[in-house]
Amino acid sequence: MKTIGYAALSATTPLAPFTVERRELRPNDVAMEVLYCGVCHSDLHTARNDWGWSTYPSVPGHEIVGRVTAVGSEVKRYKVGDSVAVGCMVDSCQRCDQCQKGDEQLCRQGNTQTYNGKDRITGEPTFGGYSKHLVAREEFVLRVPEGLDPARTGPLLCAGITTYSPLRHWKVGPGTRVGVLGLGGLGHMAVKLAVGLGADVTVLSRTPDKQADALALGAHRLLVSSDKDAMKKAKGSFDVIIDTVPVKHDVTPYMPLLDIDGTLVIVGQLGPLAETSSMPLVSGRRRITGSLIGGIAETQELLDFCAARNILPDCEMIRMDQINEAFERMEKSDVRYRFVIDMASLSQANAD
């Protein structure tokens, strides 16, 4: 099946219209029309080969919401017309210990990424949600709960699960003191989800400028990290810090903020961190750890949780032909807090 999309043809060229070849349905496949696709910072990094492993042509997009158009002969969970979603991965081995316990993202053989990956059967490149249609294995298709706005659901599939999974893993709930470092696409979801789980939430920012935004998102306060006195008073006041900063940075100033046995979870930066001191780790039995999205069952749990509590990302809707401008704005942090592409605009964008 041929469909239309937008692709990066190299690391230095803007995204442009592209014909995407989708496979014929296998018995366990679900085909869908893509209605909305969130724009993730990973899309920008991949399009520009910032991590060094991009392959071209690249059709980004792993925050996908759509409507089922056809199902394979063995599909039992979905039928034509169902509202569905696909996140950051579309396959895994399904046999290893990690897959068996629902951590497909940590598959011992490596999960198959929604884009910039390789099909496990044919070896062909995977193309993501910046396209009109998608085909995915049934086990990696999620149900969009009734009442969850499909136009704002997409970012839950990456920014949402990336912050929800560590909150759940580290047992955040009523009485847990959570710090959120960074207030972008990931950070604003971390605030909303931690508040939804009943935690006491503080946003950490270098300046007081984001206080109004932090409080509007549900945070209980803002701690200005450049204020030495305030930081000293806050020593030992967090159980968990979710670090969403997407660039190289020094975590040392934030470690004393953790209580004994506290945990700082890195979910933003993929790559080098600034040199840090082991002193606050050793002296407080503190931890620095990382977290990678979440499993399929946990992602469905997140969607159901958000539907029950009306938790949704703050989004700005764009047309498909505005994607290059959106990338430029993302680099300048000029978005509150997530772009979503209305894929109904794709046909018109290609026609123009």
Side-chain angles (χ1 to χ4, degrees), residues 41 159 162-291 314 331-337:
H41 225 102
T162 295
T163 50
Y164 183 76
S165 186
L167 291 171
R168 294 289 285 148
H169 184 80
W170 297 106
K171 297 178 171 53
V172 167
T176 308
R177 301 162 299 169
V178 174
V180 176
L181 182 55
L183 199 61
L186 289 172
H188 96 290
M189 284 310 310
V191 170
K192 291 189 176 194
L193 292 168
V195 170
L197 288 165
D200 182 90
V201 180
T202 302
V203 170
L204 307 171
S205 178
R206 286 172 295 180
T207 68
D209 301 351
K210 293 187 177 179
Q211 179 163 325
D213 287 349
L215 298 178
L217 290 168
H220 299 93
R221 67 195 65 81
L222 180 133
L223 173 61
V224 180
S225 58
S226 59
D227 184 334
K228 292 183 179 179
D229 289 338
M231 291 287 280
K232 188 174 181 180
K233 288 178 184 176
K235 184 179 179 180
S237 61
F238 299 116
D239 303 302
V240 175
I241 295 175
I242 304 295
D243 181 349
T244 72
V245 176
V247 295
K248 182 177 179 180
H249 61 287
D250 184 8
V251 300
T252 304
Y254 307 103
M255 297 309 297
L257 301 177
L258 291 168
D259 205 347
I260 294 169
D261 285 324
T263 305
L264 183 142
V265 188
I266 295 171
V267 296
Q269 165 66 345
L270 294 179
L273 289 174
E275 185 175 338
T276 187
S277 169
S278 65
M279 182 59 72
L281 298 178
V282 174
S283 63
R285 204 163 59 195
R286 302 175 176 102
R287 291 175 289 261
I288 300 174
T289 187
S291 183
D314 290 9
E331 283 193 305
K332 302 172 185 174
S333 299
D334 180 23
V335 54
R336 293 190 180 184
Y337 287 95

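- Within the 3.5 Å criterion, the main-chain N or O of Leu181 finds a donor-acceptor partner in the side chain of Thr244.
- Smallest separation of non-hydrogen atoms from Val180 and Gly182: CG1-O, 3.5 Å.
- Rounding to the nearest 0.5 angstrom, the gap separating the CE atom in Met255 from the CG atom in Leu264 is 5.5 Å.
- Minimum interatomic distance between Ala219 and Val203 (heavy atoms only, all atoms of both residues): CB-CG2, 3.8 Å.
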- Message: Before you tell me yes or no, could you show the steps for Ile266 and Leu273 under side-chain contact (heavy atoms from CB on, under 4.5 Å), namely the whole-Å CA-CA distance, both residues' side-chain angles and the distance that decides it to 0.1 Å?
- Response: CA-CA 10 Å; Ile266 295 171; Leu273 289 174; 3.2 Å; yes
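- No side-chain heavy atom of Val191 sits under 4.5 Å from any side-chain heavy atom of Tyr337.
- Rounding to the nearest 0.5 Å places CZ of Arg285 at 11.0 Å from CG of Asp259.
- Residues Ala159 and Thr163 share a closest heavy-atom pair of O-OG1, 2.9 Å.
- Here the straight-line distance linking atom CD of Gln211 with atom CG of Leu183 works out to 12.0 Å at 0.5 Å rounding.
- Residues passing the side chain to side chain donor-acceptor pair (under 3.5 Å) test with Arg286: none are found, sequence neighbours excluded.
- The two residues Val172 and Ala199 have their closest heavy-atom pair at CG1-CB, 3.7 Å.
- In Arg221, the CZ atom is crowded: over 12 heavy atoms of neighbouring residues, nucleotides or ligands sit closer than 6.0 Å.
- Contact annotation: the side chain of Val245 never approaches that of Tyr254 to less than 4.5 Å [non-hydrogen atoms, C-beta and beyond].
- We find the CD1-CG distance between Ile288 and Asp243 to be 9.0 Å, quoted to the nearest 0.5 Å.
- Remark: side-chain polar atoms of His41 are not paired, donor with acceptor, to backbone N or O of Pro246 under 3.5 angstrom.
- Considering every non-hydrogen atom in both Leu222 and Ala214, the closest pair reads CD1-CB, 4.2 Å.
- A pairwise comparison of heavy atoms in Ser205 and Lys210 identifies OG-CD, 4.1 Å as the closest pair.
- Side-chain contact between Asp314 and His188: present, with at least one pair of heavy atoms (C-beta onward) separated by less than 4.5 Å.
- In this structure, the side chains of Leu197 and Thr176 stay at 4.5 Å or more apart for every pair of heavy atoms.
- Under the 3.5 Å distance criterion, the side-chain polar atoms of Asp200 are left unmatched by any main-chain donor or acceptor of Thr202.
- Annotation: side chain of Leu257 is in contact with side chain of Leu223 (closest heavy-atom distance under 4.5 Å).
- Rounded to the nearest 0.5 angstrom, Thr162 OG1 and Met189 CE are separated by 10.5 Å.
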- Message: Set out, in order, the CA-CA distance, both residues' side-chain angles and the distance that settles side-chain contact (heavy atoms from CB on, under 4.5 Å) for Leu217 and Val201, then state yes or no.
- Response: CA-CA 10 Å; Leu217 290 168; Val201 180; over 6 Å; no
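- In this structure, Ile242 CD1 and Tyr164 OH are separated by 13.0 Å, a value rounded to the nearest 0.5 Å.
- Residue pairs meeting the side chain to side chain donor-acceptor pair (under 3.5 Å) criterion with at least one member in residues 262-282, sequence neighbours excluded, are Thr252-Thr276, Thr263-Arg287.
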